[in-house]
There are 2 protein chains.
Amino acid sequence: MRRHNRALVLQTVAGEQPVSRARIAARTGLTRGTVSSLVDDLLAAGLVAELGVTRGGTGRPASPLQLNRSGPAGLGLEIGVETVGACVVDLTGAVRAQAQIPSPHRTEAPAVGLGALVSVAARVVAGAGLPVAGVGVAVPGVLADGVLERAPNLPRWRDVDVAARVGEVLAPEVGDVPVTAGNEADLGALAEHVTGSGGDDVLYVSGGIGVGAGIVLDGRAFRGAGGRAGELGHVVVDAAGPECSCGGSGCLESAAGLEALCRAAGVGDLDALTAAAAREERPTVEALTAGGRALGIALAGAVNLLDVPVVVLGGAYARLGRVLQKAVADELARRVLWRSPVEVRMSPLGPDAALVGAAVSVVRELVRAG
Amino acid sequence: MRRHNRALVLQTVAGEQPVSRARIAARTGLTRGTVSSLVDDLLAAGLVAELGVTRGGTGRPASPLQLNRSGPAGLGLEIGVETVGACVVDLTGAVRAQAQIPSPHRTEAPAVGLGALVSVAARVVAGAGLPVAGVGVAVPGVLADGVLERAPNLPRWRDVDVAARVGEVLAPEVGDVPVTAGNEADLGALAEHVTGSGGDDVLYVSGGIGVGAGIVLDGRAFRGAGGRAGELGHVVVDAAGPECSCGGSGCLESAAGLEALCRAAGVGDLDALTAAAAREERPTVEALTAGGRALGIALAGAVNLLDVPVVVLGGAYARLGRVLQKAVADELARRVLWRSPVEVRMSPLGPDAALVGAAVSVVRELVRAG
DNA sequence: CTCCTTTGTTCGGGCACCGTACAAAGCCGG
DNA sequence: CCGGCTTTGTACGGTGCCCGAACAAAGGAG
């Protein structure tokens, strides 16, 4: 009960800072006295801090409160296909330290990757100088209860209990804090939702060799009954299209995955594709237009089904500029049933979204729990 | 606070009846004393009833509680394309009275339909003999805040505030009770979820001239940010397919809508199609197989996106038998990424699902609120 | 017939919130 | 320069509601 109200107060602070005790009382419906008492708890726990600055108006100046930027922080980790990364965000969600190093997970066993993860995490934690209250790990694959069930690009990690293993190797660094693992696209969606100052419903698409979607509904990540929601890559965009490794045919990945885009544009990798897109070379523009159309078709289906007002293009897509964005937006405008336009944004976080999202998921949970 | 706990107790009774006070206490974590006090409230409100039967075991016999079948009931209404219907369900969700009459909404103004609705509602309410605590209205169209925003098959009802209008005309019959309006497919999904004894996540597809989906996530109807979620009919199943009235091409409706199925099978209407399907006539079987494949493609996309374990085929589809079900299930098995099979059920409620769902939504809300 | 088990009720104790009253601290007008 | 005004934050009694323990009730087992 008190716990609930403490969380309510904390969320109010998070939603509008700086804010006075009196304003919190007005917003939550609690009494000023009750709020004072709850705020005392939060101050003692180090979750909020008092500014002390008394910028005037009429009446007694308020004593403004905000989330404690030196308080407990979240450590985000990412296990990419060929990299590991780490970042620390404070309670406000601001990134305080970040680093990334290469790590060949396709060829090396998980133990090697975990070693790399520890080293980069240690550096980042030391750099930030904040107490770590929890760890989030982003992984490109399907998780069930923290166990990696399916990860096409991380074959040696199959059936690894990521959360548990990371917790073990990281214990010397950060102590015995809760570790959660999440899908890369889901966490990317969360990051875009939080930093994007967007609404409470976002469909985030992470482009890469695979195409995954993260869904934020009503302000929280939606993972489905089995934690596997968001597999957009194998939506059918052309029933007559090529066979796919998934057993179907005409999947989105075959038309708008990174490999298909590179092949159609006649370039070797994402960097070359990005450069060619920036120069607006003819075959690349055509390839991106065709891929964007396919993506738009798949997204239109998802938007019609979920009624989401904002679509964010992230991952590799974030680097491919306006040609892609326009093709997607055109197709959405044509196929979405309602007239209020669906907004198509390029991800401002780009390839860091998942990493930041992993860290943000931790502090978000801290704030939610009070 | 007390309200919250009262609701908790009521939901426990709803989840497992009959049930003793002591068992409720064990389940909820409250004290037996507290539960007793809360149950007294619920008895006074007429929401639960005491059975009085004391079937023995060891120890003092319990006094079993269950939802009051004579207590407040929900009135469900449906405005179909050419019919109006009404039904009353008691607190347990059991249908206590039901009726349907024709009403040509395509040609007549809403006022005429409302008149028909009142007459059928009055009959059903009298037949059930229970106090009506609320009204739910199912409508085949997109609603925003109770206003019918888009309803292709109900052109004269456009922009009508269904909930408000129904509330006005029904006030003499049932008094001043809350009226809510909902999409037909959403309410159908709710009904299947509640009666189907299924899990908390269901994707319900209502086949007809249009194809709509109702989504139940985590035990509650999901309507999306703008209340328009579930438009499955215009998912693309074949980019090269025919143009559609929605502006796109190759939409599911063009391949698996009722009109397409009839045309492909060479029959005139749903009744003929149903009969031909029952006789397993060759062209009909082929038409249903092709339609079922298209439906399966669209559903696979939705399932991959939402990770829903159960798909229910309802509306007209409920009458089309195993041929359709098999084609859908085959396509789902092929295209859904995870190996745990997606269950494909035929709706047991059939065409009544939306009507029952409208009534169920009312009592569900009563139970949720305590 | 007596004991035992389980149920439902009753009664003090305490926690948390509410309402009100009061001190604090800066603006504003004379 | 100073008193009123306004708004903020704190202190104190009152109340609602839940918990824990003790107690009466009601039937089965030996």
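Residue numbers begin at 1 in each chain, while the letters A, B, ... track the order of the sequences.
The shortest distance between the side-chain N/O atoms of Asn5(A) and the OP1/OP2 oxygens of dC17(C) is below 4.0 Å. At dC18(D), none of the side-chain N or O atoms of Thr34(B) fall inside 4.0 Å of OP1 or OP2 (strictly under the cut-off). One finds a side-chain N or O of Arg2(B) lying less than 4.0 angstrom from the OP1 or OP2 phosphate oxygen of dC18(D).
For the pairing with Leu75(B), the side-chain contact (heavy atoms from CB on, under 4.5 Å) check across Val362(B), Leu170(B), Val177(B) returns one residue only, Leu170(B).
The number of heavy-atom neighbours closer than 6.0 Å to CG of Asp176(A), taken from other residues, nucleotides and ligands shown, is 12 or below. Other residues, nucleotides and ligands place no more than 12 heavy atoms under 6.0 Å from the CZ atom of Arg165(A). Counting heavy atoms of neighbouring residues, nucleotides and ligands inside a 6.0 Å radius, atom CZ of Arg2(A) exceeds 12 of them.
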Set out, line by line, the N/O atom pairs under 3.5 Å between protein and nucleotides 7-9 of chain D.
from, atom 1, to, atom 2, distance (Å)
dT7(D), O2, Arg60(A), N, 2.8
dT8(D), O4', Arg60(A), O, 3.4
dT8(D), O2, Arg60(A), NE, 3.4
dT8(D), O2, Arg60(A), NH1, 2.6
dG9(D), OP1, Ser63(A), N, 2.8
dG9(D), OP2, Arg21(A), N, 3.2
dG9(D), OP2, Ala22(A), N, 2.9
dG9(D), O4', Arg60(A), NH2, 3.4
dG9(D), N7, Arg32(A), NE, 3.1
dG9(D), N7, Arg32(A), NH2, 3.4
dG9(D), O6, Arg32(A), NH2, 2.9

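The nearest heavy atom of DNA chain C to Gly29(A) and to Ser37(B) marks one nucleotide each, and the one closer to the 5' end goes with Ser37(B).
The two residues Leu203(A) and Ile215(A) make their nearest non-hydrogen contact at CD1-CG1, 3.9 Å.
A straight line from CZ of Arg6(B) to P of dC18(D) spans 11 Å, rounded to a whole angstrom. What separates CZ of Arg3(B) from C1' of dC18(D) is a distance of 19 Å, to the nearest Å. Atom pair Leu30(A):CG and dG19(C):P shows a separation of 11 Å (rounding to whole Å applied). To the nearest angstrom, P of dG16(D) lies 16 Å from CE of Met1(A). Regarding His4(B), its NE2 atom lies at a distance of 15 Å from the P atom of dC17(C), rounded to whole Å. Whole-Å rounding puts the Asp41(A) CG to dC15(C) P distance at 14 Å. As rounded to whole Å, 16 Å separates atom P of dA16(C) from atom CG of Leu8(A).
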What's the verdict on salt bridge (charged side-chain N to carboxylate O under 4.0 Å, His left out) for Arg223(A) and Asp186(A), showing C-alpha distance, side-chain angles and the deciding distance? CA-CA 8 Å; Arg223(A) 301 201 153 85; Asp186(A) 287 337; 3.6 Å; yes
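Contact annotation: the side chain of Val179(B) approaches that of Val137(B) to within less than 4.5 Å [non-hydrogen atoms, C-beta and beyond].
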